Amino acid sequence: MIVVMKQAATQQEIDHMVARIEQLGLKPHIIVGTQRTVIAAVGEKRSSDREALESGPGVAEVVPILAPYKVASRELKPEPTVVRAGDFCAGGTKIGVIAGPCSVESEEQLITSARAVKRSGATALRGGAFKPRTSPYSFQGLKEEGLKLLAAAGAETGLAVVSEVVSPEDVPLVAEYVDVLQVGARNMQNYRLLEAIGDTDRAVLLKRGPSATIEELLLAAEYVLNAGNPNVMLCERGIRTFEAHTRFTLPLATVVYLHQKTHLPVVVDPSHGTGHAYMVPQMAAASVAAGADALIIEVHPDPEQALSDGYQSLTPEVFEETMATCRKVARAMGREM
């Protein structure tokens, strides 16, 4: 349920209702809006709870949340959420750009990439230190050494750092070095991992699973939100279909649909969504036109020699051209990068 407070409700009245919700065995989530404060009361559905809350001091009305995802729903928070990590921003009029190599391979490779994407206008650096791969024989990442290289590159360039965490046990370690915790497509429904990330104060980039529905993506986000972390970004990175001309099928209608259903910012990954470097620039521009709040793009100084995903990585030169095109589209849409 949503407990909508009156515009003139005092902090004492808000605190009282939070305590009352807890007494009923429900979990309160306070959302402070531009006009008024609302409190989500999440838990087992009981009609008596609504009646008990409606008579509270400062309460305007109590409304049931119809969507299965409660805290992520626009029913709870009509205004878009803006997620920030350092200079990186996703949501509102700002379009954030996360760029860098698929995997951290060496200090030289990473710092060269970081300087290049920073020069072209990116505000966050991506790079995998822990790499969950389909084959156990593929490069698995540099682990903590890779995280140290990412932190050093971020400190030098001023870029926020984004990297994937693959298990609940690794969350404290990865959170020590990065600004944004990425949940990869294979882990979208790893609920223990989502709950562990929800206990941190780091922004979260949650990637859609290749066979997951939109509702399943939003319910996965709900795990993070319900654990107490409001800084969640949803990432469309392509889904499995019968088509074989791309690595995955990138459904940009997802962006428009999600903006109708949730207040969370939506990120698009045209690198994984297509699997071909030559497609990425145009699909990045199309993502901006569709309303994406941020892009995440793979960039490598020498894609031919990359240890992973070189075939879908842009060179720094092509990334610079891509950014120039995306800026033009963003301006046409009344936004900025």
Side-chain angles (χ1 to χ4, degrees), residues 1-83 91 168 171-172 175 181 183 187-204 206 212-234 258-265:
M1 295 171 289
I2 306 170
V3 179
V4 182
M5 303 299 292
K6 296 176 181 177
Q7 284 185 296
T10 65
Q11 187 60 51
Q12 184 177 2
E13 289 172 331
I14 293 169
D15 292 342
H16 172 83
M17 291 311 300
V18 168
R20 183 73 179 115
I21 289 168
E22 290 174 338
Q23 287 172 2
L24 292 171
L26 304 172
K27 187 169 185 176
H29 293 269
I30 302 172
I31 306 294
V32 180
T34 54
Q35 297 295 323
R36 64 182 71 201
T37 296
V38 302
I39 311 168
V42 181
E44 184 183 349
K45 183 179 180 181
R46 297 188 296 262
S47 58
S48 59
D49 292 340
R50 181 176 178 179
E51 296 169 1
L53 294 171
E54 281 179 326
S55 60
V59 174
E61 61 178 331
V62 177
V63 182
I65 304 174
L66 300 179
Y69 39 91
K70 308 302 180 183
V71 189
S73 172
R74 269 199 184 270
E75 295 176 69
L76 173 64
K77 185 175 183 286
E79 302 144 348
T81 289
V82 178
V83 173
V171 170
L181 296 168
V183 179
N187 270 319
M188 189 203 82
Q189 291 178 306
N190 184 339
Y191 300 125
R192 286 189 60 204
L193 174 62
L194 298 177
E195 288 171 343
I197 287 173
D199 285 333
T200 73
D201 61 357
R202 294 289 186 262
V204 179
L206 177 63
T213 65
I214 295 297
E215 185 170 295
E216 288 168 340
L217 172 64
L218 287 165
L219 285 169
E222 194 79 4
Y223 272 86
V224 182
L225 296 167
N226 190 50
N229 188 339
N231 299 307
V232 179
M233 298 174 282
L234 305 172
L258 281 171
H259 280 150
Q260 294 296 312
K261 296 297 181 180
T262 181
H263 54 87
L264 301 175

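What's counted below: heavy atoms across the whole structure, side chains too, no hydrogens, waters or symmetry copies. Since we're looking at a predicted model, the values are computed, not measured.
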Quick one, V18 and I30 - any side-chain contact, counting heavy atoms below 4.5 Å? yes
State, yes or no, whether a side-chain contact exists between V42 and H29 at a heavy-atom distance under 4.5 Å. yes
Taking the side chain from N187 and the backbone from N190, do they hold a donor-acceptor pair closer than 3.5 Å? no
Residues L76 and A40: closest non-hydrogen pair is CD1-CB, 3.5 Å
By salt bridge (charged side-chain N to carboxylate O under 4.0 Å, His left out) - contacts of E54 (at least two apart): R50
Is there a side chain to side chain contact (heavy atoms under 4.5 Å, CB included) between V204 and N231 once you walk through the steps? CA-CA 6 Å; V204 179; N231 299 307; 6.0 Å; no
Is the backbone N or O of D15 less than 3.5 Å from a side-chain atom of R20, with the two atoms forming a donor-acceptor pair by type? no
Check the surroundings of atom CD in Q11: do more than 12 heavy atoms from other residues, nucleotides or ligands lie under 6.0 Å from it? yes
Between CD of E13 and NZ of K6, what distance do you get to the nearest 0.5 Å? 7.5 Å
Testing the basics here: between L24 and A52, what is the closest heavy-atom pair and its distance to 0.1 Å? CD1-CB, 4.2 Å
Can you measure from NZ (K77) to OG1 (T81) and round to the nearest 0.5 angstrom? 3.0 Å
Over all atoms of both residues, closest heavy-atom pair of M1 and L26: CE-CD1, 4.0 Å
Exactly one of L258, L206, T213, V71 clears side chain to side chain contact (heavy atoms under 4.5 Å, CB included) with L218, and that residue is L258
Distance-minimising heavy-atom pair for K27 and A227: NZ-CA, 4.0 Å
What's the separation between atom NZ in K70 and atom CD1 in I2, rounded to the nearest 0.5 Å? 9.5 Å
Do the side chains of I39 and M5 get nearer than 4.5 Å, heavy atoms only? yes
For atom CZ of R36, decide whether the heavy atoms of other residues, nucleotides or ligands shown that lie under 6.0 angstrom number more than 12. yes
Pairwise distance OH(Y223) to CD(Q189) - rounded to 0.5 angstrom: 9.0 Å
Determine, step by step, whether K261 and I214 satisfy the side chain to side chain contact (heavy atoms under 4.5 Å, CB included) criterion, reporting the C-alpha distance in whole Å, the side-chain angles of both residues, the deciding distance to 0.1 Å, and the verdict. CA-CA 10 Å; K261 296 297 181 180; I214 295 297; 6.0 Å; no
N/O donor to acceptor pairs below 3.5 angstrom from side-chain atoms of residues 195-203, sequence neighbours left out:
from, atom 1, to, atom 2, distance (Å)
T200, OG1, I197, O, 2.8
T200, OG1, R202, N, 3.3
R202, NE, A175, O, 3.0
R202, NE, V178, O, 2.7
R202, NH2, A175, O, 2.9

When rounded to the nearest 0.5 angstrom, what distance separates NE2 in H263 from CD in E75? 11.0 Å
Taking side chain to side chain donor-acceptor pair (under 3.5 Å) as the test, write out the residues that go with E61, two or more places apart. none
For the residue pair L225 and V232, establish whether any side-chain heavy-atom pair is separated by less than 4.5 Å. yes
Can you list the steps and then say if L234 with T262 is a side chain to side chain contact (heavy atoms under 4.5 Å, CB included)? CA-CA 10 Å; L234 305 172; T262 181; 3.9 Å; yes
In Å and rounded to the nearest 0.5 Å, what is the OG to CD distance from S73 to E222? 8.5 Å
